Undergrad: 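Below is the structure I would like to discuss, written out as structure tokens.
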Amino acid sequence: MIHFKPGEKIIREGERGEGFYILRQGILEVEKGGLSVAQLAEPGTIFGEMSDILNEPRTCTVIAKTDSYVIHVPKGIDGIVTAYPSIAKKIIVTLARRLEDTTKSLLVFREEEN
């Protein structure tokens with residue numbers, strides 16, 4: 001478990017990262033290009049997995065908004081799927097929910113345009 005104080009960066013956009021994180025306690029701010037795009041506050045929330053899955057740099061910055069505790073899982077996605085199938089399933093569900101939320105947002109945006 002890693003403790004982050006308010007204002008500390010957990011992930012930096014554009015950097016290479018290894019593994020992913022699980023929020024245990026606290027509130028985190030997600031920024032993309034310097035703009036706030038989301039807050040993470042629910043214990044058990046997984047973040048930072050996209051970089052690992054796609055083997056690309058981090059797509060956003062995650063900053064502790066309050067005293068926060070996270071677990072860093074340094075294994076790559078292949079190791080997680082093999083060793084911890086329940087975590088792999090949670091990652092899949094997380095990604096599916098994000099895709100669903102993005103799709104809903106796009107539909108709302110298109111309706112507002114018309």
Side-chain angles (χ1 to χ4, degrees):
M1 184 112 42
I2 306 168
H3 173 241
F4 290 92
K5 295 177 183 174
E8 285 189 290
K9 293 182 180 179
I10 301 166
I11 291 176
R12 287 178 172 78
E13 185 175 354
E15 288 187 349
R16 287 273 173 197
E18 180 181 301
F20 60 93
Y21 297 84
I22 302 170
L23 176 62
R24 296 303 298 152
Q25 181 181 343
I27 299 173
L28 309 177
E29 190 78 30
V30 181
E31 295 182 352
K32 175 104 175 131
L35 299 173
S36 177
V37 295
Q39 277 193 2
L40 308 177
E42 186 175 332
T45 299
I46 293 172
F47 62 98
E49 76 288 345
M50 292 296 292
S51 175
D52 193 61
I53 291 170
L54 299 174
N55 194 29
E56 293 182 1
R58 301 287 188 190
T59 60
C60 59
T61 297
V62 178
I63 304 164
K65 195 166 181 179
T66 64
D67 278 306
S68 301
Y69 296 87
V70 301
I71 297 170
H72 179 237
V73 182
K75 287 184 177 259
I77 192 66
D78 293 334
I80 292 298
V81 170
T82 303
Y84 306 101
S86 63
I87 292 176
K89 181 180 177 186
K90 183 161 176 70
I91 291 171
I92 292 167
V93 170
T94 297
L95 293 173
R97 284 196 179 125
R98 287 184 192 158
L99 179 59
E100 181 180 47
D101 290 345
T102 300
T103 301
K104 286 178 184 176
S105 295
L106 287 171
L107 289 174
V108 168
F109 178 73
R110 291 189 96 187
E111 288 173 0
E112 289 175 356
E113 281 187 325
N114 295 326

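These numbers were taken from a predicted model, which means no experiment stands behind them.
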Undergrad: Hydrophobic cluster membership, with links at side-chain heavy-atom distances under 4.5 Å among I/L/V/M/F/W/Y: are V73 and I2 in one?
TA: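 No; I2 is not reachable from V73 via cluster members.
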Undergrad: Would E42 and T45 count as a side-chain contact (heavy atoms from CB on, under 4.5 Å) here? Give the steps.
TA: CA-CA 6 Å; E42 186 175 332; T45 299; 3.6 Å; yes
Undergrad: When you measure from the side chain of R58 to the backbone of G48, do you find a donor-acceptor pair of N or O atoms at a distance under 3.5 Å?
TA: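 Yes, R58 side chain to G48 backbone: donor-acceptor pair under 3.5 Å.
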Undergrad: Supply the atom-to-atom distance L106 CG to D101 CG, rounded to the nearest 0.5 angstrom.
TA: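 L106 atom CG to D101 atom CG measures 11.0 Å (nearest 0.5 Å).
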Undergrad: Could you tell me which non-hydrogen atom of T61 sits nearest to which non-hydrogen atom of K9, and how far apart they are?
TA: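 Residues T61 and K9, closest heavy atoms: CG2-CD, 4.0 Å.
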Undergrad: Donor-acceptor pairs under 3.5 angstrom involving side-chain atoms of residues 17-35: please list them, not counting sequence neighbours.
TA:
| from | atom 1 | to | atom 2 | distance (Å) |
| --- | --- | --- | --- | --- |
| E29 | OE1 | Q39 | NE2 | 3.2 |
| E29 | OE2 | S36 | OG | 2.1 |
| K32 | NZ | T59 | O | 2.9 |

Undergrad: With clusters defined by side-chain heavy atoms of hydrophobic residues (ILVMFWY) lying less than 4.5 Å apart, directly or transitively, does V37 cluster with I10?
TA: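 Yes, one cluster joins them.
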Undergrad: Please round to the nearest 0.5 Å and tell me the distance separating atom SG of C60 and atom CZ of R12.
TA: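 So the SG of C60 and the CZ of R12 are separated by 13.0 Å.
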Undergrad: A quick test of your reading: do over 12 heavy atoms of other residues, nucleotides or ligands sit less than 6.0 Å from CZ of R16?
TA: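 More than 12 within 6.0 Å, yes.
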Undergrad: Applying side chain to side chain donor-acceptor pair (under 3.5 Å), which residue pairs with at least one partner in residues 47-56 are found, sequence neighbours left out?
TA: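 Qualifying pairs, neighbours excluded: E49-R98.
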Undergrad: Considering non-hydrogen atoms only, spot the tightest contact between S68 and A64 and give its length.
TA: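 Smallest interatomic distance, heavy atoms only, reads OG-CB, 3.9 Å.
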Undergrad: Could you check if a side-chain atom of E8 sits within less than 4.5 angstrom of a side-chain atom of I63, using non-hydrogen atoms only?
TA: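 Not in contact.
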Undergrad: Among all residues two or more places apart in sequence or in another chain, which pass the side-chain contact (heavy atoms from CB on, under 4.5 Å) test with D67?
TA: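 Residues passing side-chain contact (heavy atoms from CB on, under 4.5 Å) with D67: H3, K5, P6.
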Undergrad: Could you give me the CA-CA distance, side-chain angles and deciding distance for I11 and F47, then say whether side-chain contact (heavy atoms from CB on, under 4.5 Å) is met?
TA: CA-CA 9 Å; I11 291 176; F47 62 98; 3.7 Å; yes
Undergrad: If Ile, Leu, Val, Met, Phe, Trp and Tyr residues are connected whenever their side-chain heavy atoms lie under 4.5 Å apart, and connections chain through other members, are M50 and L99 in the same group?
TA: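 Result: no, two separate clusters.
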